[in-house]
Asks: 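Pasting a structure below so you can have a look.
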Amino acid sequence: MKNYSPFIPFNKLPELKRKNSNIYNLKTFDTNQKYSNLCSSFIKKIYSSKDVLMTNSCTSALEICSYLLNTKKGDEIIFSNYTYVTTANSFVSKGATPVFADIRSDTLNIDEKKIIRLINKKTKAIVINHYGSISSEIGVIQKICKKRKIVLIEDIAESIFSKFKNKYLGSFGDLSTISFHQTKVITCGVGGALLINNKKYLKKARYILDKGTNRCDFDKKSVNKYRWVSYGSSFGLSEIQAKILFYQLKKFKKIIQTRVSAFNFYLKNLSILKKNKIIQLPKVTKFNRINGAIFYLILKSEFERDRLISYLEKFNIFCKTHYEPLNESPFYKKNFSKQIDTNISNRLSRRILRLPIYYKISKISQKRVCKKIKVFFNENK
Ligand SMILES: *Cc1c(COP(=O)(O)O)cnc(C)c1O
């Protein structure tokens, strides 16, 4: 039988105006970093960072952090057990031992109470993410890091332009990383940025970004040729992508506004299921200003979750699970078999489901998603 239900994808890219996406009229894009500089200034102004480096991914920005910390064998770095692979891999690839902390069941963020006992003399940094743009207990974590002289890095891949207590997420860490991957709120296909809030990293970071050369000094005309001066790699964003990104950044308020309104719509329409203790929904406190990156449900079991996914697919509604907890990954199990307490992340990751959310998702589509979810639970009482 033919399926006539309208198609509701999980994600959709924000549209680009033709005149803004014309990359063929870039003139001297190889040497002139016009659009990268425009993006960098735009972000820098919002975050009041000391510097913003445009990178070709969030992963590259994390790798620059790993270079800046001089990560080596024997170093330990603390991460949430529920984050993307490269949050950890960027440091592990340089020899660090990952130490995973379990998450809180209400926000799916690193449990700040479990961090202290993981710290020892070898602890070099704590790298946190803010799941779906709802903040970690960043104030508490920042204090722990200051007291113990540990570097704090925020991976704000999912939480661009979100706030905690009126302060931007990404402005608490010594360093913070952003993603402009096509699965994120603001995008240029693939891309990223590194926010530098601690001035001791300023110069070194530019060298690492630029393949280990002092090209930034050459561009400022403070040297007459650029040379190999440091470790580094090809981490910069191309001008082609920077141009696309710049026009996305300029309309970030509108993009975020429509996503947050979609988020709130789901929250309101599905609250009856939460009230009846059928599902768990995201918890947004009055201290959070979110960006609508993710809307998720937590179901009673993995079995129920997987059945709901197939049920919705029959109506052309496409939902997704999310991260595999890092301690359950083949790579971690093979190389670091240390037993750690990660009960909550291991349990919840099997029951999470992300609903379709994107710029300009229609209320009609959202109503259909909510209705089908409710019918599913009614039929399965
Ligand atoms: C998406 C994501 C990344 C990876 O971003 P890329 O730009 O694809 O490298 C890293 N960390 C987190 C938390 C993410 O959600």
Side-chain angles (χ1 to χ4, degrees), residues 10-11 13 36 39 43 52-67 77-93 96 98 100-101 103-104 107-110 125-136 138 141 152-162 164 169-170 172-173 175-195 209 233-238 241-242 244-245 248-249 259 282 290-296 320-327 329 331-332 345 348-349 352 354 357-358:
F10 175 70
N11 184 23
L13 299 182
S36 292
C39 292
I43 299 168
V52 175
L53 273 54
M54 300 313 299
T55 61
N56 51 31
S57 66
C58 181
T59 300
S60 289
L62 286 158
E63 283 185 25
I64 296 175
C65 294
S66 185
Y67 274 109
I77 302 192
I78 299 173
F79 307 94
S80 162
N81 192 42
Y82 199 59
T83 182
Y84 190 61
V85 175
T86 58
T87 315
N89 205 18
S90 306
F91 300 87
V92 173
S93 296
F100 294 123
I103 55 171
R104 294 167 55 120
T107 59
L108 313 191
N109 284 322
I110 193 165
I126 300 178
V127 187
I128 58 158
N129 57 307
H130 306 281
Y131 188 74
S133 86
I134 296 173
S135 67
S136 299
I138 184 73
I141 298 168
L152 175 61
I153 299 172
E154 288 180 271
D155 176 351
I156 59 162
E158 291 166 4
S159 36
I160 188 167
F161 304 138
S162 308
F164 176 64
L169 297 178
F172 295 87
L175 299 160
S176 303
T177 62
I178 303 179
S179 174
F180 299 113
H181 188 264
Q182 58 206 16
T183 51
K184 313 295 179 187
V185 172
I186 311 283
T187 177
C188 60
V190 284
L194 173 63
L195 309 185
L209 173 83
S233 192
S234 180
F235 290 128
L237 183 68
S238 84
Q241 282 162 309
I244 292 169
L245 182 62
Q248 286 259 312
L249 282 170
R259 290 188 79 121
I290 58 165
N291 66 12
I294 291 174
F295 188 89
Y296 69 83
K320 285 200 172 166
T321 62
H322 211 182
Y323 306 132
E324 171 181 55
L326 295 175
N327 77 309
S329 64
F331 186 81
Y332 183 81
S345 43
L348 296 186
S349 62
I352 193 167
R354 290 177 296 155
I357 193 162
Y358 43 86

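Both counts, for ligands and for their atoms, begin at 1 and track the order of listing. Values below: all heavy atoms of this structure, side chains included; hydrogens, waters and symmetry mates excluded. Everything quoted here is computed from the prediction, not taken from an experiment.
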Asks: Heavy atoms, side chains only, cut-off 4.5 Å: are I141 and S136 in contact?
Replies: yes
Asks: Quick one: salt bridge (Lys or Arg N to Asp or Glu O under 4.0 Å) partners of R104, sequence neighbours excluded?
Replies: D106, E112
Asks: Quick one: ring pair (Phe, Tyr, Trp, His ring centres under 6.0 Å) partners of F235, sequence neighbours excluded?
Replies: none
Asks: Should N129 and Y84 count as side-chain neighbours, where that means a heavy-atom distance under 4.5 Å?
Replies: no
Asks: Could you name the protein residues that come within less than 4.0 Å of ligand 1, counting only heavy atoms, and order them by chain and residue number?
Replies: S57, C58, T59, T83, Y84, T86, T87, D155, A157, E158, S179, H181, K184, G191, Y323
Asks: Got a sec, which residues hit ring pair (Phe, Tyr, Trp, His ring centres under 6.0 Å) with Y358, two or more places apart in sequence or on another chain?
Replies: none
Asks: Which atom names give the shortest non-hydrogen contact between D155 and C58, and what distance separates them?
Replies: OD1-SG, 3.6 Å
